[in-house]
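Remember, it's 1-based here, ligands and their atoms both numbered in the order they're listed. For this chain, numbers begin at 1 and follow the sequence in order.
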Amino acid sequence: MDIMPIEDIFKFNQITGKIKEKLETYNGLIRIVTHHDPDGLTSGSIVLKTLIRLNKNAQMTILEHLSKESIEDLAKENDKMFIFCDMGSGQIELINNLGFNAIILDHHPPKVAETEIGNILQLNPHIFGANGAKEISASGVCYLIARLFGYYDLAPIAIVGAIGDMQHLPFIGLNKYILNEARKNRYLSVIKDIVYNCYNLPISKSICYSTQPYIRELSSIDKIKEIFDELKINPEKKGITAKEAENLLEYFEKFNKNDELMVDRYEINHKINDAFYLSEVLNACGRKEMTAVGIGILLGDDECIKHGEKLYIEYKEELIEELKNVKLNSMDNIEYFIGEKGKTGIIAALMVKDKPVLGFNEQSEIYKVSSRGNKELVEWGLNLSEAMAASKEFGGDGGGHNIASGAALQKNYLNEFLEKVNEIVGKQLKK
Ligand code: C5P
């Protein structure tokens with residue numbers, strides 16, 4: 001038996017035990033509130049499956065962001081019990097002040113590092129000395145509860161959520177523990193393979209739509225087909241052999257991305273049986289605002305799976321097109337662009353080189369912004385969560401992780417906000 005990598009295991013067992021008991025003894029309607037990204041959707045489905053199996057009554061709300069307004073809205077129904085997944089730790093004071101009976105299962109840095117506040121139980125890895133940005137995602141936190149009921153088959157879904165939050169490069173800490181548990185129970189196996197074999201798509205399309213890694217020179221199907229002609233590989237094939245992969249890698253060496261092309265593939269006990277591809281399909285569902293389809297997929301519905309795979313293609317085609325047209329503006333310490341809703345985060349991430357990139361999109365009176373950095377910038381001191389929090393001065397709010405963060409601000413403050421973030425990031429990177 002592996003030992004759980006948690007500093008304060010006694011405190012951890014105490015709070016997870018209390019959450020289990022709270023679920024077992026509560027007989028009213030339970031409202032799950034979760035986030036629209038892959039980690040949120042997998043979190044919500046792990047909790048939903050757990051509640052259904054426990055014969056509880058449940059409903060689910062999926063949000064892009066747990067704002068003050070949405071909490072106040074939910075408070076109108078706070079006669080129910082709430083389970084906040086992948087959100088809530090940053091808003092725990094307001095949730096408590098509004099008298100919620102709730103469980104918070106989150107991995108974002110908590111405002112209050114306590115497991116119990118008022119009528120709220122909070123499970124968050126940061127309280128137990130584990131890093132929620134690297135070692136466990138919200139779906140993992142939700143799985144830590146599901147496993148107390150013996151639902152070990154849900155571990156691969158937690159792995160899908162962690163991949164969605166980019167915590168798989170490599171899996172460490174609690175993620176590794178969950179991965180090992182899934183392997184031991186034979187719900188998951190790991191194979192070394194070329195990343196393009198993860199997708200249930202003709203190989204030429206897998207390459208064209210790939211953003212992990214993104215190779216700009218390969219974003220046209222015609223260009224890829226030419227290469228495949230040369231290599232004598234059928235571009236319509238779903239999955240290529242090890243020998244073909246070897247030839248392809250040799251050809252792709254010039255793009256300097258080969259270390260990202262050979263990956264650990266996670267085959268899982270789901271109808272979409274590749275964990276990475278499933279996280280990509282869920283991401284498309286969230287970005288295309290079809291989150292119910294995402295939950296349907298996770299519950300194994302065949303029609304939702306077909307729909308989700310189509311959404312993935314649509315989303316990627318739009319994204320590749322947009323990537324070709326992005327106009328990046330440069331300041332001393334940051335770069336930024338104005339883009340379309342649903343894609344600014346990923347485009348920002350793909351554009352990062354030696355400065356963090358901010359992608360804005362206009363939504364009536366506000367700008368939403370997604371900011372992204374990379375590992376090297378974080379090592380030099382970048383903390384985008386802190387930088388995005390500056391939006392409070394400009395009629396909005398923001399936060400997230402040091403490498404990926406978001407905010408909203410009043411539209412007319414765009415330039416002031418950019419100046420401020422440029423200044424904050426400059427100070428961070430000089431330290
Ligand atoms: O929206 P986006 O994908 O850019 O969000 C990145 C991260 O920032 C997420 O973890 C999200 O929860 C967080 N965020 C936040 N406050 C906002 C917007 C995003 O804490 N207003």
Side-chain angles (χ1 to χ4, degrees), residues 33-44 62-71 84-92 94 104-111 124-126 131-134 136-139 141 161-162 164-167 211 279 282-289 291 315 319 334 336-352 356-363 365-374 378 382-410 413 417 421:
V33 181
T34 194
H35 194 209
H36 74 157
D37 73 0
D39 189 33
L41 295 174
T42 49
S43 298
I62 299 168
L63 299 174
E64 195 181 324
H65 172 59
L66 186 62
S67 63
K68 181 169 174 281
E69 293 70 32
S70 46
I71 298 172
F84 292 97
C85 309
D86 198 20
M87 45 177 60
S89 282
Q91 301 84 355
I92 194 162
L94 179 61
I104 293 176
L105 305 173
D106 196 0
H107 71 129
H108 294 94
K111 265 266 164 64
N124 187 311
H126 294 277
N131 184 330
K134 293 184 184 151
I136 188 164
S137 65
S139 55
V141 175
D165 263 11
M166 299 289 289
Q167 293 189 351
T211 45
S279 88
L282 293 174
N283 181 52
C285 293
R287 296 298 171 185
K288 301 282 287 176
E289 299 187 45
T291 47
Y315 173 69
L319 181 63
I334 58 172
Y336 71 93
F337 64 92
I338 314 275
E340 271 174 37
K341 183 175 180 342
K343 299 197 192 66
T344 43
I346 171 88
I347 291 176
L350 296 175
M351 291 285 160
V352 178
V357 177
L358 277 62
F360 291 85
N361 67 81
E362 213 175 308
Q363 289 178 31
E365 286 314 298
I366 60 165
Y367 269 122
K368 290 244 171 148
V369 52
S370 289
S371 56
R372 301 291 186 265
N374 60 20
V378 168
L382 179 72
N383 182 348
L384 288 170
S385 176
E386 186 191 47
M388 291 298 103
S391 57
K392 288 199 184 84
E393 293 172 35
F394 306 107
D397 67 355
H401 307 282
N402 46 16
I403 196 163
S405 200
L409 63 140
Q410 293 299 321
Y413 290 126
F417 177 71
V421 174

Side-chain donor-acceptor pairs under 3.5 Å in residues 387-400, sequence neighbours left out?
{"residue": "S391", "atom": "OG", "partner": "M388", "partner atom": "O", "Å": "2.7"}
{"residue": "S391", "atom": "OG", "partner": "D397", "partner atom": "O", "Å": "3.3"}
{"residue": "S391", "atom": "OG", "partner": "G398", "partner atom": "N", "Å": "3.3"}

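In this view, K288 and E314, E318 satisfy the side chain to side chain donor-acceptor pair (under 3.5 Å) rule, not counting sequence neighbours. Shown here are the side-chain contact (heavy atoms from CB on, under 4.5 Å) partners of M166, two or more places apart in sequence or in another chain: H168, L169, Q212.
Looking at N124, its side chain does come within 3.5 Å of a backbone N or O of H108 through a donor-acceptor pair. When atom types are taken as modelled, the side chain of H126 and the backbone of H107 share a donor-acceptor pair closer than 3.5 angstrom.
Within 4.0 Å of ligand 1, contacts by protein heavy atoms are made from H65, H108, R287, S370, R372, D397, G398, G399, G400, H401, A404, S405, G406, A407.
Residue K134 places its NZ atom among 12 or fewer non-hydrogen atoms of other residues, nucleotides or ligands, all under 6.0 Å distant.
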